[in-house]
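As a basis for the values below, the full set of heavy atoms in this structure was taken, side chains included, without hydrogen atoms, waters or symmetry mates.
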Amino acid sequence: MTTAHIIWDWNGTLLNDVNVSVDATNLALAEIGIEPLTLEQYREYYCVPVQIFYKQVIGREPSSSEWSIIGKTFNSHYRPGIQKARLADGVNQLLARRHQAGATQSLCSLMEHKDLLPMIDNHGISEFFTHIDGRNTPLLTTGKSVQLADHIKKLNLPPEKSVVIGDATDDAVAALAAGTHVVLYTGGTHSRLSLEKIGVPVVDSLSEALAVADDLVCKK
């Protein structure tokens, strides 16, 4: 059976940091007088770029001073919180098993590269990836598309032999623009309903995501 090269997303996919994000978001919203979101509401509203997310939650465009408050408050809680976040269930075993089978994997994340590398090292999974790319530029309103395209070029593989596994609609938009496959996982930032609107495979576990990914490349 043909084996896909897997391009993993980090936040909300391999790293289970969704509750950290929700808590930090609610603390930021409280600073500007907005009611907190439940996890379900957060997943319903969440999108990239985050400017649109906050506009939908608040019901209007935040002022420049509100943007400043949101950014400072979110980061002051999210940055220390994410250091305590754990990997999604079974991630170590899934990555190790695939690595031992001779399949290749890489990681492409919108987290800053300088923050991403030590986190991956601390979780003891660096050895499983052929390439690790975090963000080295300001966070773009275009999402992950440019970064993913650059990541795929480094792989020296036909795009159709790769599959992005992520938790966000932006992962799908970026993957399709780059000519690669994508499988979306419901354990992260988006509701299943919002993910299904994209028209790509949606799964509830990372083990299922790998099975679907290999099937997509095999059929190709």
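A chain of hydrophobic side-chain contacts below 4.5 Å, direct or via other Ile, Leu, Val, Met, Phe, Trp or Tyr residues, connects L87 to I6. Under a hydrophobic clustering in which Ile, Leu, Val, Met, Phe, Trp and Tyr are joined whenever their side-chain heavy atoms come within less than 4.5 Å, directly or via other members, Y54 and L37 fall into the same cluster. No chain of hydrophobic side-chain contacts below 4.5 Å, direct or via other Ile, Leu, Val, Met, Phe, Trp or Tyr residues, connects L193 to L39. In the hydrophobic clustering of this structure, I69 groups with Y78; members are Ile, Leu, Val, Met, Phe, Trp, Tyr whose side-chain heavy atoms approach within less than 4.5 Å, directly or through other members. Criterion: ILVMFWY side-chain heavy atoms under 4.5 Å apart, direct or through other members. Under it, F129 and L94 are part of a common hydrophobic cluster.
Smallest separation of non-hydrogen atoms from P201 and L216: CG-CD1, 4.3 Å. Minimum heavy-atom separation, A88 to Y185: CB-OH, 4.3 Å. Across all non-hydrogen atoms, the minimal contact from A213 to A4 is O-CB, 3.8 Å. Annotation for W67 and Q51: closest pair CH2-CA, 3.5 Å, computed over non-hydrogen atoms. Shortest non-hydrogen contact noted between N16 and A85 is O-CB, 3.9 Å. Taking all atoms of both residues into account, the shortest heavy-atom contact from P159 to G179 is CB-O, 3.5 Å.
Atom NE2 in H77 sits 15.0 Å away from atom CD1 in I82 (nearest 0.5 Å). The distance from the CG atom of L107 to the CG atom of L95 is 9.0 Å, given to the nearest 0.5 Å. To the nearest 0.5 Å, the span separating NE2 on H99 from OG1 on T130 amounts to 10.5 Å. Note that CH2 of W8 is 13.0 Å distant from CD1 of I120, once rounded to the nearest 0.5 Å.
Residues satisfying the side chain to side chain donor-acceptor pair (under 3.5 Å) criterion with Q147, sequence neighbours excluded, are absent altogether. Remark: H5 pairs with T104, S106 by the side chain to side chain donor-acceptor pair (under 3.5 Å) rule, at least two apart or across chains. N26 pairs by the side chain to side chain donor-acceptor pair (under 3.5 Å) definition with nothing, not counting sequence neighbours. Y42 is linked by a ring pair (Phe, Tyr, Trp, His ring centres under 6.0 Å) to Y46, F53, counting only residues two or more places apart in sequence or in another chain. For the ring pair (Phe, Tyr, Trp, His ring centres under 6.0 Å) test, no residue two or more places apart in sequence or in another chain qualifies with H131. For S126, the side chain to side chain donor-acceptor pair (under 3.5 Å) partners two or more places apart in sequence, or in a different chain, are D121.
L206 is listed as a side-chain neighbour of V91, based on a closest heavy-atom distance under 4.5 Å. Within the 4.5 Å cutoff, the side chain of N11 has heavy atoms near those of the S109 side chain. The shortest distance between side-chain heavy atoms of I70 and N75 does not fall below 4.5 Å. Using a 4.5 Å cut-off on side-chain heavy atoms (C-beta onward), L117 and I132 make contact. Counting heavy atoms from C-beta outward, F74 and T25 have side chains that approach closer than 4.5 Å. Looking only at side-chain heavy atoms (C-beta outward), E66 and I58 stay at 4.5 Å or farther from each other. Looking at heavy atoms from C-beta onward, V217 lies out of side-chain contact with E160 at the 4.5 angstrom threshold. In this structure, H123 and L14 have side chains that are not in contact, with every pair of non-hydrogen atoms separated by 4.5 Å or more.
Annotation for I52: hydrophobic cluster partners, listed by chain and number, are none (ILVMFWY side-chain heavy atoms under 4.5 Å, direct or chained). In the hydrophobic clustering (ILVMFWY side chains linked at under 4.5 Å, chained through shared members), I7 is joined by L148, I152, L155, L157, V164, L176, V182, L184, L195, I198, V200, V202.
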Using the side chain to side chain contact (heavy atoms under 4.5 Å, CB included) rule, take I165 and L210 through it: C-alpha gap first, then chi angles, then the decisive distance, then the call. CA-CA 8 Å; I165 297 179; L210 288 173; 3.9 Å; yes
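Annotation for N122: atom CG counts as buried by contact number, over 12 foreign heavy atoms lying within 6.0 Å.
Sorted by first then second residue, the salt bridge (charged side-chain N to carboxylate O under 4.0 Å, His left out) pairs that include residues 29-49, not counting sequence neighbours, number zero. The list of salt bridge (charged side-chain N to carboxylate O under 4.0 Å, His left out) pairs with a residue in residues 84-103, not counting sequence neighbours, reads R98-D214. For residues 17-29, no residue pair satisfies the salt bridge (charged side-chain N to carboxylate O under 4.0 Å, His left out) rule, not counting sequence neighbours. The stretch residues 188-211 participates, sequence neighbours left out, in these side-chain hydrogen bond (donor to acceptor under 3.5 Å, both in side chains) pairs: D167-T189, T169-H190, T186-D204, S191-S194, R192-E196, R192-D204, S205-S207.
A donor-acceptor pair under 3.5 Å is formed between the side chain of S76 and the backbone N or O of T73. Within the 3.5 Å criterion, the main-chain N or O of C108 finds a donor-acceptor partner in the side chain of K144. Panel note: side chain D115, backbone E112; no donor-acceptor pair is recorded below 3.5 Å.
A donor and an acceptor atom, one from each side chain of N136 and H113, are nowhere located under 3.5 Å apart.
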